[in-house]
Amino acid sequence: SDDHIEKPSVKVTAQRISQQEQYNAGAALPDIADTLGVHISTIYRELNRGSTGEIDANGRAGYDAELAQKTMLESLKRRGKRQGGVKQNE
C-alpha cells in the first residue's frame with residue numbers, strides 16, 4: 001500500500017509545486033511566470049528562496065519547493081519579532 005510514502009514536513013503551496021514541476025521540466029522562466037500569473041521577478045525571488053545550491057539536470061540552479069516554503073516560514077517567524085519598528089537594542 002501507499003502508507004510508506006514520506007509526506008513533506010511542511011505544507012507546500014500548489015503554486016510552488018507547479019513552479020518546481022515546470023522548472024524541472026526545463027520550462028523558460030517567463031513561461032512559468034505567465035502560467036502562474038505572476039511577474040518574472042517573483043519567479044527569480046522564489047528560485048532564490050528555494051535554491052538547493054546544486055545544479056539540476058537542465059544545468060540550472062536546483063530548486064526545491066519544500067525548501068522555499070521552509071525559508072519563507074522562517075522569514076515570517078523572524079519578521080514577527082520586531083516591535084513597532086523600534087530597534088530592541090535601544
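Fair warning: this is a prediction, and the values are worked out from it, not measured in the lab.
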Distance check, rounded to the nearest 0.5 Å: Arg60 atom CZ versus Glu54 atom CD? 16.0 Å
Looking at every non-hydrogen atom in both residues, tell me the closest pair between Ile40 and Pro30 and how far apart they are. CD1-N, 3.5 Å
To check you understand the geometry: which heavy-atom pair defines the closest contact between Asp56 and Asn24, and what is its length? OD2-OD1, 4.4 Å
Which heavy atom of Tyr23 sits nearest a heavy atom of Ala61, and at what distance? OH-O, 2.7 Å
Rounding to 0.5 Å, atoms CE (Met72) and CD (Glu46) come to a distance of 8.5 Å
Give me the atom names and distance for the closest heavy-atom approach of Leu36 to Gln22. CD2-NE2, 4.0 Å
Rounded to the nearest 0.5 Å, what's the gap from CZ on Arg49 to CG on Asp64? Could you check? 13.5 Å
Output yes when Glu74 and Lys70 qualify as a salt bridge under the 4.0 Å nitrogen-oxygen rule, no when they do not. no
When every non-hydrogen atom of Gln20 is compared with those of Glu66, the smallest separation belongs to OE1-N, 4.5 Å
With hydrophobic residues grouped by side-chain heavy-atom distances under 4.5 Å, do Ile55 and Leu47 end up in a single group? no
Same hydrophobic cluster for Ile17 and Leu73, using side-chain heavy-atom links shorter than 4.5 Å among ILVMFWY? yes
Would you say Ile32 and Tyr44 are hydrophobically clustered, going by side-chain heavy atoms of ILVMFWY under 4.5 Å? yes
Just verifying a value: how many Å separate Leu76 CG and Thr71 OG1, rounded to the nearest 0.5 Å? 11.0 Å
Separation between CD1 of Ile43 and CG of Asn48, rounded to the nearest 0.5 Å: 12.5 Å
For the residue pair Ala68 and Arg16, what are the closest heavy atoms and their distance? CB-NE, 3.6 Å
Kindly compute the distance separating OG1 (Thr42) from CG (Leu29), expressed to the nearest 0.5 Å. 12.0 Å
